[in-house]
Amino acid sequence: MRNMTGEALLSVRDLTAGYGAIQILWDVSLDVFPGEIVCVVGANGAGKSTLLNTLLGMIPAWSGSIAFAGADITRLPGPKRVAMGMGFAPEGRHLFYGLTVEDNLLMGAYQRPSDASVREDLDYVYSMFESVFRHKDRLAGNLSGGEQQMCAIGRALMARPKLLVIDELSLGLAPVIVDDLIRILSALREERGISILLVEQDVQVALDLSDRGYVVESGRVTLEDTSENLGCNGHVKAAYLGIV
Ligand SMILES: Nc1ncnc2c1ncn2[C@@H]1O[C@H](COP(=O)(O)OP(=O)(O)OP(=O)(O)O)[C@@H](O)[C@H]1O
Ligand SMILES: [Mg+2]
């Protein structure tokens, strides 16, 4: 675990949110410290995507606070959060399927001046994701699931994020692709110092990749600990790892 003594990069306190009159998130508090990889795990419908979408400003917070890089962003519009350094690879990837892979990547840099640094970052993404490079002129809609996920993460990286937020890293992907993604995300942290907050259905994958984790159940954080301790926790083992 890294730098947990300094100031958190992302600090969420008592966050509530929902849809219409239905409350989904109940007093969620969570931190990501610089250079950390943090996972959020929980069953289908627990509120994980709602949490990430609220952090990115796609759903308004009802109450509580979200601070990022020392600033209160609770009411800040989503694009401004991205400009401040939050990169998002949403559940379902949401690529522009009628555009080429390269144009999708460039969409991730739309808030930046189109100077030489954009080309540098494209080259960096291509060096990280060989399959994205190989298919850069193909339509994103014609990529495999794994390639689409890499393209979505690459697009998020084009905004030069301090924090990369990923919803459902491995959903629908073959184990060999998941291994690739784990290696790439670890390298991103090492090479660029990027912090990562990820939601991951496969709890073993989530705990292997992350330093710390939060368990969300019915919209509340019910457990938080180092990933190592969570992996040994009786409830986590029984409910999420299928170990009795
Ligand atoms: N747009 C929406 N309008 C109304 N209710 C919604 C909406 N999106 C999600 N919900 C509800 O909010 C709850 C939490 O959903 P959410 O998508 O956050 O769960 P999740 O933990 O991401 O689940 P999964 O693992 O299946 O992705 C669920 O009961 C879901 O039906
Ligand atoms: Mg979800």
Side-chain angles (χ1 to χ4, degrees), residues 10 12-32 37-66 73-75 77-79 81-82 86-95 145-146 148-153 155-156 161 163-175 177-178 181-182 185 196-210 212-225 227 230-231 233 235-242:
L10 176 73
V12 180
R13 289 292 169 273
D14 303 321
L15 188 67
T16 69
Y19 306 97
I22 301 180
Q23 184 164 355
I24 304 292
L25 300 182
W26 300 79
D27 305 318
V28 171
S29 295
L30 165 159
D31 291 299
V32 180
I37 300 182
V38 173
C39 69
V40 175
V41 298
N44 293 125
K48 306 179 298 294
S49 296
T50 303
L51 170 60
L52 297 196
N53 289 336
T54 309
L55 298 182
L56 268 293
M58 298 166 80
I59 297 172
W62 289 4
S63 64
S65 66
I66 308 168
I73 62 161
T74 315
R75 308 275 161 231
R81 301 185 198 202
V82 174
M86 295 178 86
F88 191 30
E91 187 174 10
R93 287 129 206 183
H94 294 278
L95 294 172
Q148 285 187 7
Q149 182 65 300
M150 294 189 190
C151 187
I153 294 173
R155 181 181 58 184
L163 175 69
L164 178 60
V165 181
I166 305 173
D167 196 352
E168 298 297 1
L169 177 69
S170 78
L171 193 69
L173 306 183
I177 306 286
V178 178
L181 279 169
I182 290 175
L185 294 181
I196 299 170
L197 175 64
L198 82 149
V199 160
E200 172 55 39
Q201 198 84 219
D202 184 326
V203 176
Q204 194 62 61
V205 167
L207 296 179
D208 286 349
L209 177 59
S210 58
R212 286 192 306 118
Y214 294 81
V215 177
V216 173
E217 293 173 324
S218 303
R220 298 172 195 273
V221 172
T222 53
L223 261 177
E224 59 174 288
D225 209 331
S227 300
L230 286 177
N233 179 284
H235 173 61
V236 173
K237 277 162 87 172
Y240 300 106
L241 293 171

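Indexing begins at 1, ligand by ligand and atom by atom, following the structure's order.
When each atom of ligand 1 is checked for a heavy atom of Ala43 under 4.0 Å away, the hits are 21 (O). Ligand 1 places these atoms under 4.0 Å from at least one heavy atom of Glu168: 25 (O), 27 (O). Counting the atoms of ligand 1 from 1 in the order shown, those under 4.0 Å from a heavy atom of Glu91 are 27 (O).
The nearest heavy-atom contact from the protein to atom 5 (N) of ligand 1 is Tyr19 CD1, 3.3 Å. The single protein non-hydrogen atom nearest to atom 12 (O) of ligand 1 is Ile24 CD1, 3.2 Å, given as residue, atom name and distance. Looking at atom 25 (O) of ligand 1, its nearest protein heavy atom turns out to be Lys48 NZ, 2.7 Å. Among all non-hydrogen protein atoms, the one lying nearest atom 23 (O) of ligand 1 is Gly45 N, 2.8 Å. Protein heavy atom closest to atom 18 (O) of ligand 1, with residue, atom name and distance, is Thr50 OG1, 2.5 Å. The nearest protein atom to atom 26 (O) of ligand 1, hydrogens excluded, is given as Asn44 ND2, 3.0 Å; this is a heavy-atom distance. Nearest non-hydrogen protein atom to atom 17 (O) of ligand 1 is Ser49 CB, 3.7 Å.
When all heavy atoms of Thr222 and Glu217 are compared, the closest pair comes out as OG1-OE1, 2.8 Å. Counting all heavy atoms, side chain and backbone alike, Val216 lies closest to Tyr240 at O-OH, 4.3 Å. The heavy-atom pair separating Gly213 from Ser227 by the smallest distance is N-OG, 4.0 Å. Shown here for Gly145 and Leu173, the closest heavy-atom pair between the two residues is C-CD2, 3.4 Å. Summarising the geometry of Leu241 relative to Gly231, their closest heavy-atom pair is CD1-O, 4.1 Å, with the distance given to 0.1 Å. Across every non-hydrogen atom of Ser29 and Val221, the tightest pair is O-CG2, 4.0 Å.
In this structure, CG on Leu197 lies 7.0 Å from CG on Leu51, to the nearest 0.5 angstrom. Interatomic distance, Arg81 CZ to Leu10 CG, rounded to the nearest 0.5 Å: 10.0 Å.
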Check the pair Leu230, Arg212 against side chain to side chain contact (heavy atoms under 4.5 Å, CB included), reporting the backbone distance first and the verdict last.
CA-CA 8 Å; Leu230 286 177; Arg212 286 192 306 118; over 6 Å; no
Can Ile177 and Gln149 be said to form a side chain to side chain contact (heavy atoms under 4.5 Å, CB included), step by step?
CA-CA 10 Å; Ile177 306 286; Gln149 182 65 300; over 6 Å; no
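Looking only at protein N/O/S atoms, the ones less than 2.8 Å from the Mg ion (ligand 2) make 2 in total.
The backbone N or O of Ser63 lies less than 3.5 Å from a partner atom in the side chain of Thr16, making a donor-acceptor pair.
The option from Gly92, Gly47, Ser218 that lies nearest to atom 19 (O) of ligand 1, judged by heavy atoms, is Gly47.
Looking at Glu200 and Ser170, their side chains do bring a donor and an acceptor atom within 3.5 Å of each other. Side-chain contact, Ser65 with Thr74: no donor N or O sits under 3.5 Å from an acceptor N or O.
Within a 4.0 Å radius of atom 31 (O) of ligand 1, the protein has no heavy atom. Within the 4.0 angstrom cut-off, atom 14 (C) of ligand 1 has one or more protein heavy-atom neighbours.
Ligand 1 is approached by Ala46 to a heavy-atom distance shorter than 4.0 Å.
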